[in-house]
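Written below as structure tokens is the structure these notes are about.
The chain is numbered in sequence order, starting from 1.
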Amino acid sequence: MRLRVLGVVLAAAAALVTLPAHASAAAAETPLSQGRTATSSSEETGTLSAGNAVDGDTATRWSSAATDSQWLRVDLGATATVSKVVLDWEAAYGKDYKVQISADGSSWSDLKSVTGGDGGTDTLDVSGQGRYVRMLGVHRATQWGYSLWEFQVFGTTGGSSAGCDTANAAKGRPASASTTENAAGPASAAFDGDTTTRWSSQFADPQWIQVDLGAVRDLCKVDLDWEAAYGKDFQIQSSTDGTNWSTLRAVTGATGGKASYDVSGSGRYVRINGTARGTAYGYSLWEVAVHTGTTGTPPVEGGGDLGPNVIVIDPSTPNLQQKFDQVFAQQERAQFGTGRYQFLLKPGTYNGINAQLGFYTSISGLGLDPDDTQINGDITVDAGWFDGNATQNFWRSAENLALTPSNGTDRWAVAQAAPFRRIHVKGGLNLAPNGYGWASGGYIADSKIDGTVGPYSQQQWYTRDSSVGGWTNGVWNMTFTGVQGAPATNFDSGPYTTLDTTPVSREKPFLYQSGGAYKVFVPAKRTGARGVSWPADAGTSLPLDRFYVVKPGATAATINQALDQGLNLLFTPGVYHLDQTLDVTRAGTVVLGLGLATLIPDHGVDAMHVADVDGVRLAGFLIDAGATNSDTLLRIGPAGSSADHAADPTTMQDVFVRIGGAGPGLATNSVVVNSDDVIIDHTWLWRADHGDGVGWDTNRADYGLRVNGDDVLATGLFVEHFNKYDVLWSGERGRTIFFQNEKAYDVPNAAAVTHDGIVGYAAYKVADSVTQHEAWGMGSYCNFTSDPSIVQHHGFQVPVRSGVKLHDIMVISLGGKGQYAHVVNDTGAPTSGSDTIPSKVTSFP
């Protein structure tokens, strides 16, 4: 950690050279950038955020990750004519960098290129028009990242941004208060436009009233109309999330009546925070009006309809079976098609239906409890389209409903990326295709199966926090954690690995209806979980107007604007091309997909970055690599992340990655986790072995999952076919429960994967520096179809230390197409022949 004093000394010394320009600029005017929304490519830690560089405080700073290509961007709120940019560098400065401007935050023009910079304070005369200004780092001057005490943009705003709207943005919006005197004085009465109704608090200090504007807005004026019980001292405050507040105006010695206050700032929530009453009574307001700036770019609105590919039905919907059949006919064979569909079933009882699910089709109940939506019939996945082979039944899901199968047992013959969550099966569940052909799945969580689960031909399966009436058999790797009724561990002679509880879990967010309105339920974290989380789930509900409902055609710039405004994201079914990285920077942000919504990064950008913040929820979407190489498709936390998120971890659930198959795709890394305490709960990271755009270099992707954060937990980890390590784990105290892997089929020869004197990259490698790591129920399979003579040295590679422990691991040769010499390091018997008999190690070391 660099010392603050070092930055002060070096920055002060450098500032001596440019003091006249710096002092003159600061004294002459307030920067257009001050207090505006700022974002960055990365943050060294959560406290060194982008906003620190535009807060007007030279004691706070932004600091990036320690790599060259980093940027800091400020949104001026409206188009401006920019005349000067001042950069007040900390000791970690940019040697070579550009200052750029943009009208939309996507296409950038250079205002100034700086080479050979020496730090301190850089005052740059520039000329250009735009809404967004950024520093784009090219080369650092130190081993650290880029670090700015302040980034100041000067100029004049254009005509489109002038003025303060006379309309009341708060009228009719949702409101709340610390207290109410009685039922006749609710918070909503201060925002109803009626000067004969009022909010009145209890007779105590402090008290507050707040309003939700629905989106982050530029705030310019607040009007207060006090009743006789007025506030003498109070603050007008704003917030983007309703939790963290900034004071726009502090008022002391007020005398009540009507008063208007000019303010400058932005926020979604506005609060009047009273600290001293003017009378012996409480605080009482007839009306509060909030006025916003008239900028050229309107805010992104939350809520709205769910788009054309969400099919909402109830038990009285006509031709219900026909709707299911029509979608299935289109999607049954569309493995790499562009159709995406979500069925949402309102609470009630549905009789005699069979919902067959093809590719990119999801079905969910809209009750808060699975038993609110009852199907007397079936939800079926079979493999008739592929001659009874279920090993390619990918990308579909079922969630949050109850099912009474028509013949007593439902068929769910799926492969990877086909979650079965929060389901009550009032009967049995068959995981094999009709005829018991090949199958390679799968995942069940938070579900109750009253009858017996029969996996039959399923090669592997993971079940978490559920209950089953019985479990009949298994092929190679059946793993259970927190499952009531699970079979006992018998891995030395059979397929089972069973842990009584799941160490840490949190169920996936889901959409439901209450009073006809859509909401998203966000479940709470569980520790030592066993059995289902319902009924009476712990968690919170978010109304749909807290979400930007993303529909096909939405641009990355608009999605990022919504995120900047403090909105969550609900991706409706569709395929979304991104020309800029989606930046999730706010703690607690929910990014939820319906119907396997698919994100495709174009022109080599990364698809999504998540800041090193608490409690982000990523769930229910697919990232498909673009034709130009991306460095990292999904990055959770910038490099060097170190904040403690144990109390409120970020979760990644049913988030899938594909490189190739639907066309050429390239990515160096699929997923990189730099933040601590992240929970990865069911993912399939897949470098395609079939489809279009497939070849050793055509859809090259070196790494599936790289974990650099500490205390990361993976439950249900499926990672396959990468050119180098499928999983490379460098963080401390990592844990994996269930791992399924196939090595790349298309390795051209042993030389192509020989490194450090070893043939083949391990499927799962724990870095040599790691001192503590533990994993259970792990399998790696080889199928070297391009060169069956390859003998991979091992499936797993770990440092030999007492704190690094592996339980129940195996390697398998599929039909003799290549072999393994060992299971882990140099331990474990080699595979041989074509009998697909696993070589096992029950405990290592």
Side-chain angles (χ1 to χ4, degrees), residues 327-337 339 354-362 378-398 409-420 428-444 453-462 472-478 495 596 622 656 658 660-662 684-694 718-721 740-746 779-786 788 810 812-818 834-838:
V327 173
F328 180 66
Q330 177 180 319
Q331 299 300 113
E332 180 184 10
R333 299 173 179 271
Q335 183 172 178
F336 299 111
N354 180 17
Q356 298 185 80
L357 301 186
F359 288 99
Y360 315 109
T361 306
S362 298
D378 298 282
I379 298 174
T380 302
V381 178
D382 210 337
W385 74 278
F386 200 44
D387 298 326
N389 180 346
T391 59
Q392 293 183 24
N393 280 349
F394 313 134
W395 304 308
R396 62 201 78 196
S397 68
T409 301
D410 191 59
R411 187 182 302 280
W412 185 255
V414 298
Q416 290 81 4
F420 192 85
L429 188 63
N430 187 339
L431 304 179
N434 187 24
Y436 302 98
W438 292 346
S440 179
Y443 177 88
I444 294 171
V453 179
Y456 303 111
S457 56
Q458 283 288 352
Q459 296 166 353
Q460 66 282 313
W461 200 276
Y462 174 56
T472 55
N473 71 329
V475 179
W476 295 325
N477 182 13
M478 304 280 130
L596 277 296
L622 168 66
F656 310 120
R658 178 173 67 195
W684 185 40
L685 313 179
W686 185 60
R687 176 181 165 267
D689 61 274
H690 62 273
D692 294 332
V694 171
F718 299 75
V719 190
E720 298 187 299
H721 307 152
Q740 186 266 330
N741 166 263
E742 288 179 354
K743 293 303 300 175
Y745 293 176
D746 54 355
S780 177
Y781 319 149
C782 73
N783 185 36
F784 297 130
T785 54
S786 293
M810 69 171 71
I812 301 169
S813 169
L814 299 180
K817 299 293 180 65
S834 58
D835 53 15
T836 65
I837 295 176

Inset, instruction - Hey, could you give me the CD1/OG distance between Ile379 and Ser397, rounded to the nearest 0.5 Å? - result: 10.0 Å
Inset, instruction - For the residue pair Phe336 and Asp692, establish whether any side-chain heavy-atom pair is separated by less than 4.5 Å. - result: no
Inset, instruction - Apply side chain to side chain contact (heavy atoms under 4.5 Å, CB included) to Asp689 and list each qualifying residue two or more places apart in sequence or on a separate chain. - result: Trp686, His721, Tyr745
Legend entry - Flag side-chain contact, heavy atom, 4.5 Å: Pro495 against Val475: no
Inset, instruction - Kindly compute the distance separating OH (Tyr443) from CD (Gln416), expressed to the nearest 0.5 Å. - result: 14.5 Å
Inset, instruction - Output all residues satisfying side-chain hydrogen bond (donor to acceptor under 3.5 Å, both in side chains) with Thr380, sequence neighbours left out; order by chain, then residue number. - result: Asn354
Inset, instruction - Please confirm whether Arg396 makes a cation-pi placement over Tyr360, using NZ or CZ under 6.0 Å from the six-membered ring centre and within 45° of the ring normal. - result: no
Inset, instruction - Kindly compute the distance separating CG (Leu814) from OG (Ser834), expressed to the nearest 0.5 Å. - result: 11.0 Å
Inset, instruction - Applying salt bridge (Lys or Arg N to Asp or Glu O under 4.0 Å), name anything that partners Arg658, two or more places apart in sequence or on another chain. - result: Asp624
Legend entry - Partners passing side-chain hydrogen bond (donor to acceptor under 3.5 Å, both in side chains) against Glu720 (at least two apart in sequence or in another chain): Trp684, Gln740
Inset, instruction - Would you check, one step at a time, whether the test side chain to side chain contact (heavy atoms under 4.5 Å, CB included) holds for Gln330 with Thr361? - result: CA-CA 10 Å; Gln330 177 180 319; Thr361 306; over 6 Å; no
Legend entry - Set of residues satisfying salt bridge (Lys or Arg N to Asp or Glu O under 4.0 Å) with respect to Asp382, sequence neighbours excluded: Arg411
Legend entry - Side chain to side chain, Leu431 and Tyr456, heavy atoms closer than 4.5 Å: no
Legend entry - Separation between NZ of Lys743 and CZ of Arg687, rounded to the nearest 0.5 Å: 10.0 Å
Legend entry - Closest contact, heavy atoms only, Pro455 versus Ala432: O-CB, 3.9 Å
Inset, instruction - Working to the nearest 0.5 Å, report the span between CD1 of Ile812 and SG of Cys782. - result: 9.5 Å
Legend entry - Main-chain N/O of Ala413 paired with Gln458 side-chain donor or acceptor, under 3.5 Å: no
Inset, instruction - Could you list the residues that satisfy salt bridge (Lys or Arg N to Asp or Glu O under 4.0 Å) with Asp378, not counting sequence neighbours? - result: none
Inset, instruction - Taking the side chain as every heavy atom from C-beta outward, state whether Trp412 and Asn393 have any pair of such atoms under 4.5 Å apart. - result: no
Legend entry - Partners passing side chain to side chain contact (heavy atoms under 4.5 Å, CB included) against Gln459 (at least two apart in sequence or in another chain): Ser440, Trp476, Tyr781
Inset, instruction - Give a yes or no on whether the backbone of Leu429 and the side-chain of Asp410 come within a donor-acceptor separation of less than 3.5 Å. - result: no
Inset, instruction - Could I get the full list of side chain to side chain contact (heavy atoms under 4.5 Å, CB included) partners for Val694, not counting sequence neighbours? - result: Ala688, Asn699
Inset, instruction - Output all residues satisfying side-chain hydrogen bond (donor to acceptor under 3.5 Å, both in side chains) with Thr391, sequence neighbours left out; order by chain, then residue number. - result: Asn389
Legend entry - Closest non-hydrogen atom pair, Pro433 against Ala383: CB-CB, 4.0 Å
Inset, instruction - For Gln356, check side-chain hydrogen bond (donor to acceptor under 3.5 Å, both in side chains) against everything at least two apart and list the hits. - result: none
Inset, instruction - For Glu332, enumerate each residue passing the side chain to side chain contact (heavy atoms under 4.5 Å, CB included) test, keeping only those at least two apart in sequence or located in another chain. - result: Phe328, Trp385
